[in-house]
Structure formats: structure tokens, C-alpha cells
*Asks:* 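This is the structure I have questions about; it appears just below.
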Amino acid sequence: MESGSAIFAGAAFTLFGGALLLWTTVRALHREPVAHGIPPRAAVALTSLSGAVFLTLGVWCFGRL
């Protein structure tokens, strides 16, 4: 029963982290704002870090199977 939860959590974290990194990259390459009201460099750094953390968490969940 625990493997089902790990698969779901791993899939959710991996998809969210990957999508966040992809979205941040596309926005930065088109020189569009990543977050409103935040300096561009700080927004790109924060969202990239968050995306990498979520992606790592997803891989860790899959590794626990």
C-alpha cells in the first residue's frame, strides 16, 4: 500500500518540478517577467531553486520504492 502513495507523490513532485523549470526557462528566454513585483534575477533564482527541489523530491520518492 505504501508504494502507491510513493508513486503518486513522486509523479506529482516530478511533474510539478519539471513544469516549473520549463516554464521559468521559457519565460526567461523570452525576457518576460517570471513573477510580478519581484526583481527578475531574484524571481528566476527562486523559481529555479524551487523547481529543482521539487524535481529532486520526486526522484527521491521514486528511489524509495
Side-chain angles (χ1 to χ4, degrees):
M1 294 300 286
E2 256 185 57
S3 65
S5 298
I7 291 170
F8 177 75
F13 285 137
T14 304
L15 286 173
F16 181 73
L20 186 60
L21 286 173
L22 178 67
W23 179 80
T24 302
T25 303
V26 169
R27 297 288 288 189
L29 288 176
H30 289 155
R31 298 195 186 278
E32 296 176 0
V34 175
H36 295 287
I38 299 175
R41 287 185 184 181
V44 169
L46 183 62
T47 55
S48 297
L49 179 65
S50 298
V53 166
F54 277 110
L55 199 60
T56 304
L57 237 135
V59 170
W60 179 79
C61 285
F62 284 131
R64 301 281 297 170
L65 293 177

*Asks:* Under a 4.5 Å side-chain heavy-atom rule over Ile, Leu, Val, Met, Phe, Trp and Tyr, are Phe16 and Val53 clustered together?
*Replies:* yes
*Asks:* Looking only at non-hydrogen atoms, find the nearest pair between Phe62 and Ile7 and report the distance.
*Replies:* CE2-O, 3.8 Å
*Asks:* Restricting to non-hydrogen atoms, name the atom on Ala6 and the atom on Leu65 that form the minimum distance, rounded to 0.1 Å.
*Replies:* CB-CD2, 3.5 Å
*Asks:* Please check: side-chain N/O of Thr47 versus main-chain N/O of Val44, any donor-acceptor pairing under 3.5 Å?
*Replies:* yes
*Asks:* What are the two closest heavy atoms between Leu57 and Phe13, and how far apart are they?
*Replies:* CD2-CE1, 3.5 Å
*Asks:* If you take all heavy atoms of Val34 and Ala43, which pair is closest and at what distance?
*Replies:* CB-CB, 4.0 Å
*Asks:* Mind listing the closest non-hydrogen atom pair of Cys61 and Gly10 along with its distance?
*Replies:* CB-CA, 3.6 Å
*Asks:* With rounding to the nearest 0.5 angstrom, report the CG to CZ distance, Leu21 to Phe54.
*Replies:* 11.0 Å
*Asks:* Can any side-chain N or O of Arg27 pair as donor or acceptor with the backbone N or O of Pro33 at less than 3.5 Å?
*Replies:* yes
*Asks:* Compare every heavy atom of Ile38 with every heavy atom of Ala42, then report the nearest pair and how far apart it is.
*Replies:* CB-CG2, 4.0 Å
*Asks:* What distance separates Leu20 CG from Ser48 OG, expressed to the nearest 0.5 Å?
*Replies:* 7.5 Å
